[in-house]
Amino acid sequence: MHFQGGSAASLNMNLYATKKTAAEGMLDIALFLANITHMKTVIEQGAGYRYYAAVLTLISFSLALQIVAGVLIIIIARRDLNVVSNQKRLDYLNNVTTGVIFVTTVINFFVSFFGSKRTGFFRWLLARLHF
């Protein structure tokens, strides 16, 4: 696409929306993989970890929401935004997807807050840097 000197009418909204949706999907996949890695770490630490059940539940719920968001993103990407009869439904699905992603973000905040066992790495690093 070439925006310099182009009019707003020359912008293909369907192409723009598809690229935006694809980018969201890639970010969703990255977060999904990070959550799987975090879940593996928590499971390896074992049930003796203080927040074991809470963190596993939150990660599981986050993964489920990410699957829902991924399905919604695929549905949105496959529809043509230029077809007027699709626009209202696509707007609704986009809003639902945004809500699901927001809830996933909040859940992942709590997962990060409870985190995993402290390894002492940060204290070790500060000692080596003379802080």
Side-chain angles (χ1 to χ4, degrees):
M1 282 200 271
H2 190 274
F3 290 107
Q4 292 178 340
S7 67
S10 67
L11 176 65
N12 182 344
M13 288 304 291
N14 197 54
L15 182 62
Y16 168 78
T18 302
K19 286 182 179 182
K20 178 181 161 280
T21 302
E24 286 175 353
M26 286 184 249
L27 289 172
D28 193 44
I29 290 170
L31 181 59
F32 188 81
L33 293 174
N35 275 342
I36 288 175
T37 302
H38 195 172
M39 180 180 264
K40 180 183 171 212
T41 302
V42 171
I43 290 170
E44 286 174 350
Q45 289 176 351
Y49 171 53
R50 183 176 181 178
Y51 300 112
Y52 181 79
V55 170
L56 274 184
T57 302
L58 288 171
I59 292 173
S60 299
F61 193 56
S62 175
L63 289 170
L65 285 175
Q66 287 171 288
I67 291 170
V68 170
V71 169
L72 288 170
I73 287 169
I74 290 169
I75 291 169
I76 291 169
R78 295 182 53 88
R79 301 283 190 252
D80 188 355
L81 183 62
N82 293 323
V83 176
V84 177
S85 62
N86 288 343
Q87 290 176 354
K88 188 172 184 178
R89 171 165 273 192
L90 286 172
D91 184 48
Y92 174 76
L93 288 175
N94 191 52
N95 291 337
V96 170
T97 304
T98 301
V100 169
I101 292 171
F102 175 76
V103 171
T104 303
T105 302
V106 171
I107 290 171
N108 280 295
F109 170 79
F110 284 106
V111 167
S112 297
F113 180 76
F114 289 114
S116 54
K117 282 184 181 174
R118 303 220 187 301
T119 62
F121 175 74
F122 188 65
R123 192 175 314 128
W124 174 86
L125 181 62
L126 289 178
R128 298 297 179 269
L129 297 174
H130 306 292
F131 283 104

### Query
Heavy atoms, side chains only, cut-off 4.5 Å: are Met39 and Ile43 in contact?
yes

### Summary
To the nearest 0.5 Å, atom CZ of Phe32 lies from atom OG1 of Thr37 at 10.5 Å

### Task
Say whether Leu33 and Ile74 are linked into one hydrophobic cluster, either directly or through other cluster members, by side-chain heavy-atom distances under 4.5 angstrom.
no

#### Entry: Distance, nearest 0.5 Å, that separates NE2 of His38 from CG of Leu31
11.5 Å

#### Entry: Path from Phe102 to Ile59 over hydrophobic side-chain contacts below 4.5 Å
yes

#### Entry: Common cluster, Val55/Val106, ILVMFWY with side-chain heavy-atom separation under 4.5 Å
yes

### Message
Looking at every heavy atom in both Tyr52 and Val42, which two are closest together, and how far apart are they?
### Response
CE1-O, 3.4 Å

Can you list, pair by pair, the side-chain donor-acceptor contacts under 3.5 Å of residues 90-100, counting residues two or more places apart and other chains?
residue : atom : partner : partner atom : Å
Asn95   : ND2  : Asp91   : O            : 3.3
Thr97   : OG1  : Leu93   : O            : 2.7
Thr98   : OG1  : Asn94   : O            : 2.9

### Task
Could you grab the distance from atom CZ of Phe61 to atom CZ of Phe110, nearest 0.5 Å is fine?
13.0 Å

### Task
To the nearest 0.5 Å, tell me how far Asn86 CG sits from Arg78 CZ.
12.5 Å

#### Entry: Exam field: side chain Ser62 to backbone Leu58, donor-acceptor pair closer than 3.5 Å
no

### Query
Which value, rounded to the nearest 0.5 Å, describes the distance between Leu65 atom CG and Asn35 atom CG?
10.5 Å

### Query
Atom CD1 of Ile107 and atom OG of Ser60: how far apart are they, to the nearest 0.5 Å?
10.5 Å

### Message
Hydrophobic clustering (ILVMFWY, side-chain heavy atoms < 4.5 Å, transitive) - are Val111 and Ile36 grouped together?
### Response
yes

#### Entry: Cluster link Val71 to Val103, ILVMFWY, side chain under 4.5 Å
yes

